[in-house]
Amino acid sequence: MASSTPPHCSITAPSKPHQISTNSSHKTLQHNQQHPPHLPRRFTSHKVSASPLPSNSLSKAPTFLSPLPTPKKTHLSPDFSGKKSTRFVSKLHFNRQRSNLSTRHSPVAEDVLAQSAAAIDEVQFQVILMGFEGRLSGSEDYCFLLRELGNRGESSKAVACYEFAVQRERKVSERGKLASTMISVMGRLGNVDSARFVFDNAVNGGYGNTVYTYSALISAYGRSGLCKEAIGVFEMMKTQGLRPNLVSYNAVIDSCAKAGVKFEVVNDIYDDMLSNGVDPDRITFNSMLAVCKGGLWKEAMRLVSEMGIRGIDQDVFTYNTLLDVICKVGKMDLAFDIMSEMTAKNVMPNVVTYSTVIDGFAKAGRLEDALGMFEEMKCAGIALDRVCYNALLSIFLKLGRFKDALNVCKEMESCGIRKDVVTYNALLGGFGKQGKYDEVRQVFDQMRRVRVLPNVLTYSTLIDVYSKGGLYREALEVFKEFKQAGLKADVVLYSGLIDTLCKNGFVKSAVLLLDEMTKEGIRPNVVTYNTIIDAFGRSAGVDYLVDAIVPVDEKSGGKTSMILTCDSAARNLEGSEHNRVMKIFGQLAVDKSRNSKEFNESSQELLCILGLFQKMHELEIKPNVVTFSAILNACSRCNSLEDASMLLEELRLFDDRVYGVAHGLLTGSRDTIWIQALSLFDEVKQLDISTASAFYNALTDVLWHFGQKRGAQLVVLEGKNRNVWENVWSTSCLDLHLMSSGAARAMVHAWLLNIRSVVLEGHELPKLLSKVVGDGALKRAIEGLLSGIGAPFHLAETNLGRFISQGAAVTTWLKKSGTLQVLLLQDVRTQPENRRLDQRPNLQPLPL
DNA sequence: GTAGGGTTAG
């Protein structure tokens, strides 16, 4: 029972501080060692609420092994895919403590609450209430009950409690209190319609026209991401003659933050607040900080210093929100400094601080640093909670450390933290990406067994891993189950389906599916578009129509064939787009080997791709570097510079600078554009390594394709200097992994020229030289290049991904009179000044 | 009235 639940502080002693391996961990660690672990202090002071829910996972010896009460489906969002609902559910499960300053309720209310747990439904609960009626003292007790029932997700009991209380309350002001509490509770439960209903009734009943009910309703809308509605209520309260107070302003600002409203809009509200004589407080600033999450990290830093100027102290929310902003733009070193600063200011990092920074490291691909933070967290005596365990799990899965991942699951269990849908999705994706399909099946079975409901992310993940593995029959089955579950597809699920179509050559169907998802009200995002742009012209093959009659494989069983043949019946039941998806999956399942392609004319493709860009503009979808890379790659597939120019024009509309660099290099105006190019390269290097290398590959390829080989080489060397391929380059070995064919060829020339200068300086080459090459297409390109220039390399017999040669043979070849000429790359289009530059002898050796 | 997590493109 709740009263016997030990306080949350009954955690095991912090693990012994020990040496942290990463440098980055060190600074904060030293600081933490000077301060006693703060967590027990925080939690001993908490009153233990009478909640049967699992605690914040702080206990290693769980005292509550009872299963989670399942929140009533009707009162929660249909799925937890959205950020807001996930966050909400986390709060609910963790039974996050509210600051209990206003616990003016009587002990009787606690008794009612304790008994309410046994009530099967709201009718039984009402009977309990009636039994206590005379002893419950007014709105304070009822408000307490409402909040606590809300915390437990007991929506219908809260409704019963509210009705019971309002009917018995005579005072208008007390009824108003009940109403604003109820609105707030409904808002917290994500049940914004009920909140509105309560509000309207209260207003009509003559007790709802208060700043409190309006503020509560603003907040309710805000929590559900309904920012426009929140602002509407905010405006309405003004027209009703009510003056918004600090809480009203904070609520409306926060609703904007949650909905991702532009900073300028929120700033106007802030100005309005000041001009109405309402002084902002810490929470105002904390919410303003949250508005900066779209990448406005400098604005966030400015806000924090403005807090200082105004004499408003920063708290752990301030720092956590600031850190989130900083981490989301990938500035992990700055995040680390901020974390040290907060500790120095005696604002101690908590589990949210760590999970924010850990997530930042993980997203930046710095998985080892992320693991270092976990160590540091342990040393600081901060126990992991569900979010943290899930983060740790996903890091191990990304690293392919499956044993460690399973140990995380075991540890979660021993701490009394049940695996949730996030945990399962991580496991499904982790195993699936490694092709461990047996494990995928086991995990999915377990998920069903323990009744963790799959959500749209679960299905997207499964469809994705099965499709990528070529297990189309399994993907189809998952898709059908998804449809049966009645979940609404989202942009990621659609993008995944579109990607599968694209990768199998069904580009036309992919475009149709894109249209249909838009019609369904699902907004495609930049990933959706990048997927399709990237697909154009990738694979050549036979023309293959979706509606073609597909021979049914007898062995495949009836299911697939039924889907393929029951066209009209299916059309009535499903949307036609789903029907098509099923058809294609079925088709892929029975005929995996077919390399299909729905386009056979490049002009048709060009028009289609231009149409896509137009749509992107219309939908105001902001392109990113991946889009730029995809456009450049599409240019590389154009037969003429004129066609490519049409695509480049799109690039210009998206980003003038990237266009300027690409266009300048293509047209031979390297001199005028090179400084801009260098600054662009520096910026690209700030991105994660695979994005950066993809961009360098795309730019080099298009330059190589249109004969700007010297330009391609300079770009590739800039990439090499910035270490975007992380490849080996030494006198004896050149590694070409992850390079595109243009980049690799430009690189080979640069490497051979460099070796030539080594030879000419009188140094001896190693006995054996080698080049490490990647996949088949790249290997063929390099093979062609080497034989074309007469370089004496051949495929190693022991390793077919490697070209080798004797040092002496290469030396002889390099010293030959004609070799330099074939090694030096030229641009077909050069401005006069470039030509002079290229002919300068000091270009050798190359700027490495 | 305030903070953290999972899926898609390259």
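Quick caveat, the model's predicted, so the values are computed rather than measured. We name chains A, B, ... by the order of the sequence lines, and we start the count at 1 in each one.
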Problem set entry | Test: A:R282 and A:D313 ion pair at under 4.0 Å | no

Side chain of [X]: nearest nucleotide among [options]?
X: A:L457; options: B:dT8, B:dT2, B:dG6; result: B:dG6
X: A:V422; options: B:dG6, B:dG4, B:dT8; result: B:dG6
X: A:V351; options: B:dG4, B:dA3, B:dT8; result: B:dG4
X: A:T356; options: B:dA9, B:dG10, B:dG4; result: B:dG4
X: A:F317; options: B:dA3, B:dG6, B:dG10; result: B:dA3
X: A:V626; options: B:dA3, B:dT8, B:dG10; result: B:dG10
X: A:D499; options: B:dA9, B:dG4, B:dT2; result: B:dA9
X: A:D315; options: B:dG10, B:dA3, B:dT2; result: B:dT2
X: A:N286; options: B:dT7, B:dA9, B:dT2; result: B:dT2
X: A:D324; options: B:dT7, B:dG4, B:dA9; result: B:dG4

Which part of the nucleic acid does [X] contact within heavy-atom distance under 4.0 Å: base, sugar-phosphate only, or nothing?
X: A:S355; value: base
X: A:S690; value: nothing
X: A:N525; value: base
X: A:T531; value: sugar-phosphate
X: A:L246; value: base
X: A:S629; value: nothing

Respond yes when some side-chain nitrogen or oxygen of [X] is under 4.0 Å from OP1 or OP2 of [N], and no when none is.
X: A:K293; N: B:dG4; result: yes
X: A:K433; N: B:dT8; result: yes
X: A:K363; N: B:dG4; result: no
X: A:R223; N: B:dT2; result: yes
X: A:K503; N: B:dA9; result: no
X: A:K468; N: B:dA9; result: yes

Atom [atom1] of [X] to atom [atom2] of [N]: distance rounded to whole Å?
X: A:M517; N: B:dA9; atom1: CE; atom2: P; value: 14 Å
X: A:K398; N: B:dG6; atom1: NZ; atom2: P; value: 8 Å
X: A:Y319; N: B:dT2; atom1: OH; atom2: C1'; value: 16 Å
X: A:L497; N: B:dT7; atom1: CG; atom2: C1'; value: 12 Å
X: A:F431; N: B:dG6; atom1: CZ; atom2: C1'; value: 15 Å
X: A:I382; N: B:dA3; atom1: CD1; atom2: P; value: 19 Å
X: A:F479; N: B:dT8; atom1: CZ; atom2: C1'; value: 15 Å
X: A:D385; N: B:dG6; atom1: CG; atom2: P; value: 14 Å

For this session: Go through the structure and list residues passing side chain to side chain contact (heavy atoms under 4.5 Å, CB included) with A:A230, not counting sequence neighbours.
Result: A:I218, A:Y221, A:S255

Exercise. Are the aromatic rings of A:Y249 and A:Y270 close, with centres under 6.0 Å apart?
Worked result: no

For this session: Assess the pair A:F402 and A:F431: is the distance between their ring centroids shorter than 6.0 Å?
Result: yes

Exercise. If we ignore angles and hydrogens, is there a donor and acceptor under 3.5 Å between the side chains of A:T531 and A:D499?
Worked result: no

For this session: Go through the N and O atoms of the side chain of A:T461 and the base of B:dT7, and report whether any donor-acceptor pair is under 3.5 Å.
Result: no

Exercise. Hey, what's the ring geometry for A:W725 with A:Y696, parallel, tilted or perpendicular (30° and 60° as the breaks)?
Worked result: perpendicular

Problem set entry | Sidechain-backbone polar pair: A:N504 side chain, A:F506 backbone, donor-acceptor under 3.5 Å | no

